[in-house]
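Have a look at the structure below before the remarks.
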Amino acid sequence: MTAQTTSLSHRALRGRLAELGLELPEVPASAAPYIPAARAGNIVYTSGQLPLLEGKMATGGKVGSQVSVETAADLARTCVLNALAAAGGLGDLDHARILKVTGFVASAPGFNGQPAVVNGASELLLALFGTRGEHARSAVGVAELPLDAPVEVEIIVEFP
């Protein structure tokens with residue numbers, strides 16, 4: 001998928017998702033005492049989202065040994081869809097601007113391709129939001145993630 005930098009203000013997000021063959025899932029239930037997203041003024045912070053599909057982990061393992069970079073980038077896209085679903089419960093995504101993406105990658109020893117994994121999340125946001133999807137970003141390698149997830153993504157969204 002290539003990044004688009006044109007404004008998508010003339011299209012609703014759900015229409016753009018449909019064009020890409022995607023849809024927002026139901027908001028995954030919290031597995032502990034926290035909420036999926038919190039709003040402060042016009043900013044929404046999502047909790048870290050795992051690559052859950054219909055409540056189940058899409059795949060588990062470490063990137064660089066058990067999970068390929070390409071698969072992990074696809075899983076990062078799933079995480080973003082889950083994060084957008086969480087954020088969408090607190091504001092109108094059709095007018096949202098993505099401010100920050102933080103991606104955590106469960107990394108095998110010696111693996112340092114975390115940015116390539118988190119590119120999956122960034123590229124999807126750019127394709128969905130155009131220039132409103134341009135964001136600051138961190139891509140962090142970690143030893144373990146909950147439920148043996150290969151990747152976890154959180155986003156910060158601004159609503160006008």
Going only through I, L, V, M, F, W and Y residues with side-chain contacts under 4.5 Å, is there a path from [X] to [Y]?
X: Leu20; Y: Val80; answer: yes
X: Val69; Y: Val67; answer: yes
X: Leu81; Y: Leu13; answer: yes
X: Val27; Y: Val153; answer: no
X: Ile43; Y: Leu90; answer: no

In terms of side-chain heavy atoms, does Arg137 have a donor or acceptor partner in Ser122 at a distance below 3.5 Å?
yes
Could you tell me whether the side chains of Glu154 and Ser47 share a donor-acceptor contact shorter than 3.5 Å?
no
Evaluation steps, side-chain contact (heavy atoms from CB on, under 4.5 Å), between Val118 and Thr102
CA-CA 8 Å; Val118 182; Thr102 304; over 6 Å; no
Is the shortest side-chain heavy-atom distance between [X] and [Y] below 4.5 Å?
X: Val44; Y: Phe159; value: yes
X: Leu124; Y: Leu22; value: yes
X: Val142; Y: Ser107; value: no

With Thr71 via side-chain hydrogen bond (donor to acceptor under 3.5 Å, both in side chains) - residues at least two apart:
Ser68
Mind checking side-chain hydrogen bond (donor to acceptor under 3.5 Å, both in side chains) for Gln66 and listing every partner two or more places apart, or none if nothing turns up?
none
Test item: [X] side-chain N/O and [Y] main-chain N/O as donor-acceptor pair under 3.5 Å:
X: Arg16; Y: Phe129; result: no
X: Asn82; Y: Gln49; result: no
X: Asp94; Y: Ala12; result: no
X: Lys62; Y: Glu144; result: no

Ionic contact status for Arg97 with Glu134, cut-off 4.0 Å:
no
Answer yes when Glu123 and Arg77 have at least one side-chain N-carboxylate O distance shorter than 4.0 Å, and no when they do not.
yes
Tell me, with the steps shown, if Leu84 and Ile98 meet side-chain contact (heavy atoms from CB on, under 4.5 Å).
CA-CA 10 Å; Leu84 289 172; Ile98 309 302; 4.3 Å; yes
Least distance between heavy atoms, [X] atom then [Y] atom:
X: Pro115; Y: Asn112; value: CD-O, 4.0 Å
X: Pro51; Y: Met57; value: CG-SD, 3.7 Å
X: Val157; Y: Ala87; value: CG2-CB, 4.1 Å
X: Leu53; Y: Ala58; value: CD1-CB, 3.8 Å
X: Ala86; Y: Ala37; value: O-CB, 3.7 Å

Distance, nearest 0.5 Å, that separates [atom1] of [X] from [atom2] of [Y]:
X: Thr46; Y: Lys100; atom1: OG1; atom2: NZ; result: 12.0 Å
X: Leu147; Y: Leu50; atom1: CG; atom2: CG; result: 6.0 Å
X: Leu125; Y: Ile155; atom1: CG; atom2: CD1; result: 6.0 Å
X: Thr59; Y: Asp74; atom1: OG1; atom2: CG; result: 11.5 Å
X: Glu26; Y: Leu52; atom1: CD; atom2: CG; result: 13.5 Å

Salt bridge (Lys or Arg N to Asp or Glu O under 4.0 Å) partners of Arg14, counting only residues at least two apart:
none
One pair to check against side-chain contact (heavy atoms from CB on, under 4.5 Å): Leu24 and Leu17. What are the steps and the verdict?
CA-CA 8 Å; Leu24 289 182; Leu17 284 162; 3.6 Å; yes
Output, in order, the C-alpha distance, side-chain angles, deciding distance and verdict of side-chain contact (heavy atoms from CB on, under 4.5 Å) for Val105 and Phe111.
CA-CA 10 Å; Val105 181; Phe111 178 75; 4.2 Å; yes
